Amino acid sequence: MAKSNKQFICQSCGSIYSKWTGKCEQCNEWNTLLEENNDKPSGPLSKSFGQKINFEYLNNENIEYPKLQTNLNEVDRVTGGGFVSGSVTLIGGDPGIGKSTLLLQIVGNLSKLGEDCVYVSGEESLSQIKMRADRLGIKNSSIKFASVTNASDIAVTISSSNKRQIIVVDSIQTMYLPQLDSAPGTVSQVRATTHELIIAAKKTNSVLILIGHVTKDGTIAGPRVLEHMVDTVLYFEGDNNFQFRILRSIKNRFGPTNEIGVFEMLANGLKEISNPSSLFLLDRQKNIPGNAIFAGLEGTRPILVEIQALVTPSTLASPRRTIVGWDISRLSMLCAVLEARCKIHLSNMDIFLNIVGGIKIFEPAADLAVAAAIISSVKNIAVPETSVFFGEIGLSGEVRKVTQPELRIKEAFKLGFDTFTLPIKQKVIDNKNMSFNNITLLQDLVELIGKNSEAI
Ligand code: TYD
Ligand code: MG
């Protein structure tokens, strides 16, 4: 009997099965297996005859890696100084967050700087792209557009140019290779089209930027392997209810990761925000119990955000823990420490925690500020308006050191904050206009807020 070339591939992790099952044994996702042909493309991917390799020395002066600055400072910061020639970048984000707008602005700027820019869309027609370009005021630029989905055609077109190009593919999930039977967006198609496009772009030392959809849990749709294939992975995130957007680097072979770029979505496109702290603190109400300012760090950039907590008696058997912008398990831990070490009773209280402005905080250094907000709400005592907090809290209630205290302090001071509550031994700046509360235990923070809120 002829061997069937059908196989089932998990759309979440890329595992291959010979039979369909409801749950992927590798990643434990349900209903993610799709039948795909185990077909080998007859195009350039299947070339099996090798050739002798010519090795190069790294001290060869002719090997260059120029970075193409976009003149959008926030983008240049996140990419580590611009897009590198011959590199591949993947940008993921929720639908409607502004990926196409951002990329159009990037190529708009690069084309003004004399780069040869190509924008290929599989999602929108030319008239739709034109409408957006009109809105952004770049319709007269020299960007070349095409509304196609055949990745082979795109690869051939890219390779036929003998010039470096900037190529945007919007989105990788809409592209397909005709050699494969599977539908666009399936694991085999996404993997093969990416591979084909990468080869074409590297051949001409071009910059390839791929837009990727995200799944409901927020990761880029398609196999994880996609993230391995590219040089840089960026996420464009934000909340549709808020105007600002954050570009975050997750992987970068040419620069630092965890850098962020902040933008505001306006009627005529994305505007860069060079001082995000002032944006996050814009509508701040002063002297309200439950509010505390956290001096955080995103990559190398200090950012101040307001943390709001509301603690109210609960009528529910298991009290509510509603949280926006922070980690729920981190909050549970903090509540347990407050309860066990500081005798602050929270087990019959509802807790609502909000990081103002829709930004998400991942740093453990926010523990102390969150604790300050909760304690302030429980005790109904406002913390003074010019104080900021940072420090990680351990299970025994100890306040632990965080990275880069001086950067945080300087940024906060610049924005008018002069009182710092922080871990012991992290007083790093001598300035008589600043005052420092170095604390060892969470208990010290409770006393500080309870006894004399003015001193904080
Ligand atoms: P878009 O770039 O199409 O998002 P994505 O490609 O990530 O799906 O952005 C769509 C949203 O942005 C849409 O809701 C309209 C809004 N928008 C503006 O507010 N101002 C603008 O100048 C543009 C072009 C879009
Ligand atoms: Mg789009």
Side-chain angles (χ1 to χ4, degrees), residues 1-50 88-95 99 120 122-123 148-155 169-202 208-237 250-251 253 257 328-329:
M1 207 172 74
K3 191 169 167 266
S4 161
N5 68 345
K6 293 271 184 228
Q7 59 184 8
F8 296 87
I9 302 186
C10 171
Q11 303 296 300
S12 171
C13 69
S15 305
I16 301 172
Y17 297 84
S18 57
K19 279 197 212 133
W20 190 85
T21 63
K23 182 181 174 191
C24 172
E25 296 296 330
Q26 291 297 320
C27 65
N28 291 330
E29 288 287 324
W30 287 91
N31 263 338
T32 53
L33 260 57
L34 255 193
E35 183 175 341
E36 293 185 19
N37 272 338
N38 184 14
D39 39 18
K40 301 270 185 295
S42 56
L45 289 179
S46 65
K47 255 191 193 164
S48 55
F49 299 107
V88 185
T89 304
L90 178 65
I91 297 191
D94 287 333
K99 302 180 292 298
V120 184
E123 309 219 324
V148 288
T149 49
N150 186 331
S152 288
D153 293 351
I154 303 170
V169 176
D170 186 2
S171 65
I172 191 66
Q173 279 85 6
T174 55
M175 300 294 151
Y176 75 99
L177 278 182
Q179 297 98 310
L180 303 186
D181 274 349
S182 335
T186 51
V187 170
S188 356
Q189 280 288 9
V190 168
R191 198 159 31 191
T193 42
T194 309
H195 192 250
E196 193 83 348
L197 292 171
I198 289 178
I199 290 175
K202 297 247 171 191
L208 178 64
I209 308 173
L210 307 170
I211 295 182
H213 290 173
V214 295
T215 56
K216 57 182 183 307
D217 64 351
T219 53
I220 292 176
R224 259 275 113 92
V225 69
L226 194 59
E227 297 192 15
H228 292 294
M229 286 164 85
V230 301
D231 301 304
T232 305
V233 179
L234 308 176
Y235 274 84
F236 202 37
E237 51 190 43
I250 303 295
K251 164 184 173 178
R253 287 191 180 142
T257 50
I328 188 94
S329 44

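Position 1 is the first residue of the sequence, and the numbers go up from there. This structure is a prediction, so every number in the text was calculated from the model and none was measured. Values below: all heavy atoms of this structure, side chains included; hydrogens, waters and symmetry mates excluded.
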Open item on the list: Test of understanding: with side-chain hydrogen bond (donor to acceptor under 3.5 Å, both in side chains), list the residues that count as partners of Glu237, not counting sequence neighbours.
Closed with: Arg248

Task: Exercise: identify the closest heavy-atom pair between Val214 and Gly92 - done: CG1-C, 4.1 Å

Open item on the list: My understanding is that only residues two or more places apart in sequence, or in another chain, count here; which of them pass side-chain contact (heavy atoms from CB on, under 4.5 Å) with Trp20?
Closed with: Phe8, Asn31, Leu33

Task: Check: Gln26 and Tyr17 side chains under 4.5 Å, non-hydrogen atoms - done: yes

Task: Contact check, side chains of Thr89 and Val230, non-hydrogen atoms, under 4.5 Å - done: no

- [ ] Please report the shortest heavy-atom distance between Ala155 and Leu197, naming the atom on each side.
- [x] N-CD2, 4.2 Å

- [ ] Measure the CG-OH distance between Leu90 and Tyr235 for me, rounded to the nearest 0.5 Å.
- [x] 7.5 Å

Open item on the list: Are Ile250 and Thr257 packed together at the side-chain level, in the sense that at least one heavy-atom pair is separated by less than 4.5 angstrom?
Closed with: no

Task: Residues which pass side-chain contact (heavy atoms from CB on, under 4.5 Å) with Asn150, listed by chain and number, not counting sequence neighbours - done: Ser152, Asp153, Tyr176, Pro178

Open item on the list: Assess the residue pair Thr193 and Ile172 against the criterion (side chain to side chain contact (heavy atoms under 4.5 Å, CB included)); give the C-alpha distance rounded to whole Å, side-chain angles, the decisive distance to 0.1 Å, and a yes or no.
Closed with: CA-CA 8 Å; Thr193 42; Ile172 191 66; 3.9 Å; yes

Task: Non-neighbouring partners of Ser171 that pass side-chain hydrogen bond (donor to acceptor under 3.5 Å, both in side chains), sequence neighbours left out - done: Glu123, His213

Task: Main-chain N/O of Ser182 paired with Thr186 side-chain donor or acceptor, under 3.5 Å - done: no

TODO: Kindly indicate whether the side chain of Gln173, heavy atoms from C-beta on, has any atom under 4.5 Å from the side chain of Gln189.
DONE: no

Task: Cys24 to Thr32 - nearest heavy-atom pair and separation - done: CB-OG1, 4.0 Å

Task: Gap between atom CD of Glu196 and atom CD1 of Ile198 - 0.5 Å precision - done: 10.5 Å

TODO: May I ask you to test the Leu226-Val190 pair for a side-chain heavy-atom distance under 4.5 Å?
DONE: yes

Task: Heavy-atom side-chain proximity of Asp170 to Lys99 below 4.5 angstrom - done: no

Task: Met229 versus His195, closest heavy-atom pair with distance - done: CE-N, 3.6 Å

Open item on the list: Nearest 0.5 Å, please: how far is OG1 in Thr194 from CE in Met175?
Closed with: 10.5 Å

Open item on the list: If you define the side chain from C-beta out and look only at heavy atoms, does anything of Phe236 sit under 4.5 Å from Leu234?
Closed with: no

Open item on the list: Would you say that Ile154 contacts Val148 through its side chain, given a criterion of any heavy-atom pair below 4.5 Å between the two side chains?
Closed with: yes

Open item on the list: Quick check for you: to the nearest 0.5 Å, what is the distance between Ile91 atom CD1 and Thr232 atom OG1?
Closed with: 9.5 Å

Task: Counterpart residues, side-chain hydrogen bond (donor to acceptor under 3.5 Å, both in side chains), relative to Ser18 (two or more places apart) - done: none

Task: Spacing of Cys13 atom SG and Glu25 atom CD [to the nearest 0.5 Å] - done: 10.5 Å

- [ ] Would you please name every residue forming a side-chain hydrogen bond (donor to acceptor under 3.5 Å, both in side chains) with Lys202, sequence neighbours left out?
- [x] Asp231

Open item on the list: How long is the straight-line distance from CG of Leu34 back to OG of Ser12, given to the nearest 0.5 Å?
Closed with: 12.0 Å

- [ ] Write down the atom of Gly122, the atom of Thr149, and the distance for their closest heavy-atom approach.
- [x] CA-CG2, 3.7 Å

- [ ] Considering non-hydrogen atoms only, spot the tightest contact between Leu177 and Ala192 and give its length.
- [x] CD1-CB, 3.7 Å

